[in-house]
Amino acid sequence: MNNIDLMNYWFDSADNDFDTMKVLFKNKKNTWCLFLGHLVIEKILKGLYAKNNPKNPIAPKIHNLILLSQKANLEVPKEIREKIQVINTFNISARYDDYKKSFANKCTNEYTAEQVKNIEEVQKWLKEQ
């Protein structure tokens, strides 16, 4: 696969995860909704990495959104970077048992709605890149 094929692969996968995130949100599965939101942003960043690194389009096998945005050679505005920093925490918080309970308590319907909106804003900005 060339870098554009890889980019499209990651973007398609992110779109599928985005749809699932919305279903989870609708059904108030808040922790998993936000975990999938992290995956949406991660996959878009990996697609942008592929686009911006045609000689080596295979994205690194990492989940840190901040590091991925740097490796994708993106100049992220402060407002988007701050949202990415928060979204970045959803990977660990939803994945590991010792964090799950406190994360679940944090994921009220209101908090989750706010973060889904942030995920949508970051997704939109990234796709414009």
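None of these values were measured; they are calculated from a predicted model.
- With sequence neighbours left out, K22 forms a side chain to side chain donor-acceptor pair (under 3.5 Å) with E120.
- Nearest heavy atoms, L68 versus K46: CD1-CE, 4.0 Å.
- In this structure, T31 OG1 and N105 CG are separated by 10.5 Å, a value rounded to the nearest 0.5 Å.
- By the salt bridge (Lys or Arg N to Asp or Glu O under 4.0 Å) test, E79 pairs with K83, sequence neighbours left out.
- With values rounded to the nearest 0.5 angstrom, N88 atom CG is found 9.0 Å from E42 atom CD.
- With sequence neighbours left out, N8 forms a side-chain contact (heavy atoms from CB on, under 4.5 Å) with I4.
- Annotation: side-chain contact (heavy atoms from CB on, under 4.5 Å) contacts of D5 (sequence neighbours excluded): M1, N2.
- Of all heavy-atom pairs spanning Y49 and I58, the tightest one is CE2-O, 3.3 Å.
- Rounding to the nearest 0.5 Å places CH2 of W125 at 6.5 Å from CD1 of I80.
- In this view, K28 satisfies the salt bridge (Lys or Arg N to Asp or Glu O under 4.0 Å) rule with no residue, not counting sequence neighbours.
- Note on residues 68-78: no pairs pass side chain to side chain donor-acceptor pair (under 3.5 Å), not counting sequence neighbours.
- No chain of hydrophobic side-chain contacts below 4.5 Å, direct or via other Ile, Leu, Val, Met, Phe, Trp or Tyr residues, connects Y9 to I44.
- Here the closest heavy-atom approach between residue I66 and residue R81 is recorded as CD1-O, 4.4 Å.
- Within the model, atoms CG of N118 and CD1 of I41 stand 10.0 Å from one another, a figure rounded to the nearest 0.5 Å.
- Under the rule for a side chain to side chain donor-acceptor pair (under 3.5 Å), E82 has no partner lying at least two apart in sequence or in another chain.
- By the criterion of side-chain heavy atoms lying less than 4.5 angstrom apart, applied directly or through intervening Ile, Leu, Val, Met, Phe, Trp or Tyr residues, L74 is grouped together with L67 in one hydrophobic cluster.
- Under the side-chain contact (heavy atoms from CB on, under 4.5 Å) criterion, K117 pairs with E121, not counting sequence neighbours.
- Checked against side-chain contact (heavy atoms from CB on, under 4.5 Å), D17 has the following partners two or more places apart in sequence or in another chain: S13, L36, L39, V40, K43.
- Residue pairs meeting the salt bridge (charged side-chain N to carboxylate O under 4.0 Å, His left out) criterion with at least one member in residues 47-67, sequence neighbours excluded, do not occur.
- The salt bridge (Lys or Arg N to Asp or Glu O under 4.0 Å) search around K106 returns none, not counting sequence neighbours.
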Starting from the C-alpha separation in whole Å, work towards a yes-or-no answer on side chain to side chain contact (heavy atoms under 4.5 Å, CB included) for Q123 and D15. CA-CA 10 Å; Q123 175 198 38; D15 288 345; 4.2 Å; yes
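- A donor-acceptor contact shorter than 3.5 Å is absent between the side chain of T89 and the backbone of Q85.
- Clustering ILVMFWY residues whenever any of their side-chain heavy atoms sit less than 4.5 angstrom apart, transitively, puts L6 in a cluster other than the one holding L45.
- Nearest heavy atom pair, residue C107 against residue L34, reads SG-CD1, 3.7 Å.
- Closest approach of P54 and N3 over heavy atoms only: CB-ND2, 3.6 Å.
- Put simply, W10 and F35 are part of two different groups of oily side chains (I, L, V, M, F, W, Y) that touch within less than 4.5 Å, one to the next.
- In this structure, CZ on F25 lies 11.0 Å from CG on N27, to the nearest 0.5 angstrom.
- Remark: D19 engages no residue in a salt bridge (Lys or Arg N to Asp or Glu O under 4.0 Å) (not counting sequence neighbours).
- With hydrogens and angles disregarded, a donor-acceptor distance shorter than 3.5 Å links the side chain of H38 to the backbone of H63.
- Here the shortest heavy-atom pairing between Y111 and V86 reads OH-CG1, 3.9 Å.
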